[in-house]
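Here the structure comes first, spelled out in structure tokens, and everything after it is commentary.
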Amino acid sequence: MKIATYNVNGINARLPVLLRWLKESAPDVACLQELKAPQEKFPESAIREAGYDVIWHGQKSWNGIAILSKVGKPQEIRRTLPGDEEDVHSRYMEAAINGVLIGCLYLPNGNPAPGPKFDYKLSWFKRLTDHAKELLAQKTPVILTGDYNVMPTDLDVYKPERWVDDALFRPEVKSAFHALVAQGWTDAIRKLYPDQKIYTFWDYFRNAYERDAGLRIDHFLLSPEVDKRLIAAGVDRHVRGWEKSSDHAPVWVELKGA
DNA sequence: ATGACGAATCTTATTCGA
């Protein structure tokens, strides 16, 4: 089973690129973030014509996540992250597909830091960590994937010294990520490529992609029951070079079995 | 500190992203 995550930066602006990538990469499951579309403006028929069942949670202007599957209808478990009834951002969605629980997430950016947006990022991270602990306790196959908006180490940043005060790289955020992983999750890309410079995002400015001035912020965390099935993982970085691309590239894992 | 780019919106300017 091949599972992918892709921050599309606007599902309607990205539709041709998304469909092209789905056809080329043919993931069984795809988690999307930053739909930037209200619920009723999601291009459902185009996705279904591409062969995917889909559930999504849109929001006007910002955020929004979706889970696509061509190996059975996603059985939705939840479409909000527990822990704050007042949080109305569409940033988390969870579904069971083929016996694997898949959490699709878009963690807040948090800039500028410090400030209320940074506080929201940290509290969202805390809620995710609390929820992740409960998922792990079930001792079933679980994947938490998406745009974490965190570069976990210096190896994940083209120029670490320029990012020290940024909300994606501040010590509080890196420690939150490491604490989450330390519950017992496996960072799939880092497990298979412990020493390689691998990026998933290149901003639109200053020819960042051409200069390979990138960041690794889209991650796959695997529960032990999934980790033992991990065969391969990678980034479809060439997709970032396509016309009208997102600023992120898709990331994927391949698991043993259906 | 700002801006470079791109997307969305109560658009011709502003907000957000990372």
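Numbered from 1 within each chain, the chains take letters A, B, ... in sequence-line order.
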Sequence neighbours excluded, every pair satisfying salt bridge (Lys or Arg N to Asp or Glu O under 4.0 Å) that has a member inside residues 230-241 of chain A = A:Asp212-A:Arg237
A:Gln39 CD - B:dA8 P separation (whole Å) = 16 Å
Interatomic spacing from CD1 in A:Ile189 to OG1 in A:Thr200 - rounded to 0.5 Å | 9.0 Å
Nearest-Å distance once atom P is located in both B:dT2 and B:dT11 | 26 Å
Looking only at heavy atoms, the pair that brings A:His219 and A:Thr145 closest together is O-OG1, 3.0 Å
Rounded distance in Å between the P positions of B:dA1 and B:dT12 | 30 Å
Rounded distance in Å - CZ (A:Arg162) to P (B:dG3) | 17 Å
Taken to the nearest 0.5 Å, the spacing of A:Glu254 CD from A:Leu192 CG works out to 11.5 Å
Inter-nucleotide P distance (B:dT15, B:dC10), Å rounded = 14 Å
Heavy-atom nearest pair, A:Ala167 first then A:Asn111, reads N-OD1, 3.1 Å
Check nucleotides 10-14 of chain B against the protein and report each pair of N or O atoms closer than 3.5 Å, with its distance, or say if there are none.
{"residue": "B:dC10", "atom": "OP1", "partner": "A:Lys60", "partner atom": "NZ", "Å": "3.4"}

What are the two closest non-hydrogen atoms of A:Asn109 and A:Lys121, and how far apart are they?
-> O-NZ, 2.8 Å
Counting any heavy atom closer than 4.0 Å, what does A:Arg14 reach on the DNA or RNA strands: base, sugar-phosphate only, or nothing?
-> sugar-phosphate
Closest heavy-atom contact between A:Thr80 and A:Arg78?
-> O-CD, 3.4 Å
Measure the CG-OH distance between A:Leu22 and A:Tyr6 for me, rounded to the nearest 0.5 Å.
-> 9.5 Å
Once you round it to whole Å, what is the distance between C1' of B:dT2 and CZ of A:Arg206?
-> 10 Å
Pairwise C1' distance for B:dA7 and B:dA18, with rounding to whole Å | 14 Å
Here the gap from A:Leu107 atom CG to A:Tyr120 atom OH, rounded to the nearest 0.5 Å, amounts to 9.0 Å
Between the protein and nucleotides 15-18 of chain B, list every N/O to N/O distance that falls short of 3.5 Å.
{"residue": "B:dA18", "atom": "OP1", "partner": "A:Glu34", "partner atom": "OE2", "Å": "2.9"}
{"residue": "B:dA18", "atom": "OP1", "partner": "A:Asp147", "partner atom": "OD2", "Å": "3.2"}
{"residue": "B:dA18", "atom": "OP2", "partner": "A:Tyr106", "partner atom": "OH", "Å": "3.3"}
{"residue": "B:dA18", "atom": "OP2", "partner": "A:Asn109", "partner atom": "ND2", "Å": "3.4"}
{"residue": "B:dA18", "atom": "OP2", "partner": "A:Asn149", "partner atom": "OD1", "Å": "3.4"}
{"residue": "B:dA18", "atom": "OP2", "partner": "A:Asn149", "partner atom": "ND2", "Å": "3.0"}
{"residue": "B:dA18", "atom": "N9", "partner": "A:Asn109", "partner atom": "ND2", "Å": "3.3"}
{"residue": "B:dA18", "atom": "N7", "partner": "A:Asn109", "partner atom": "ND2", "Å": "2.8"}

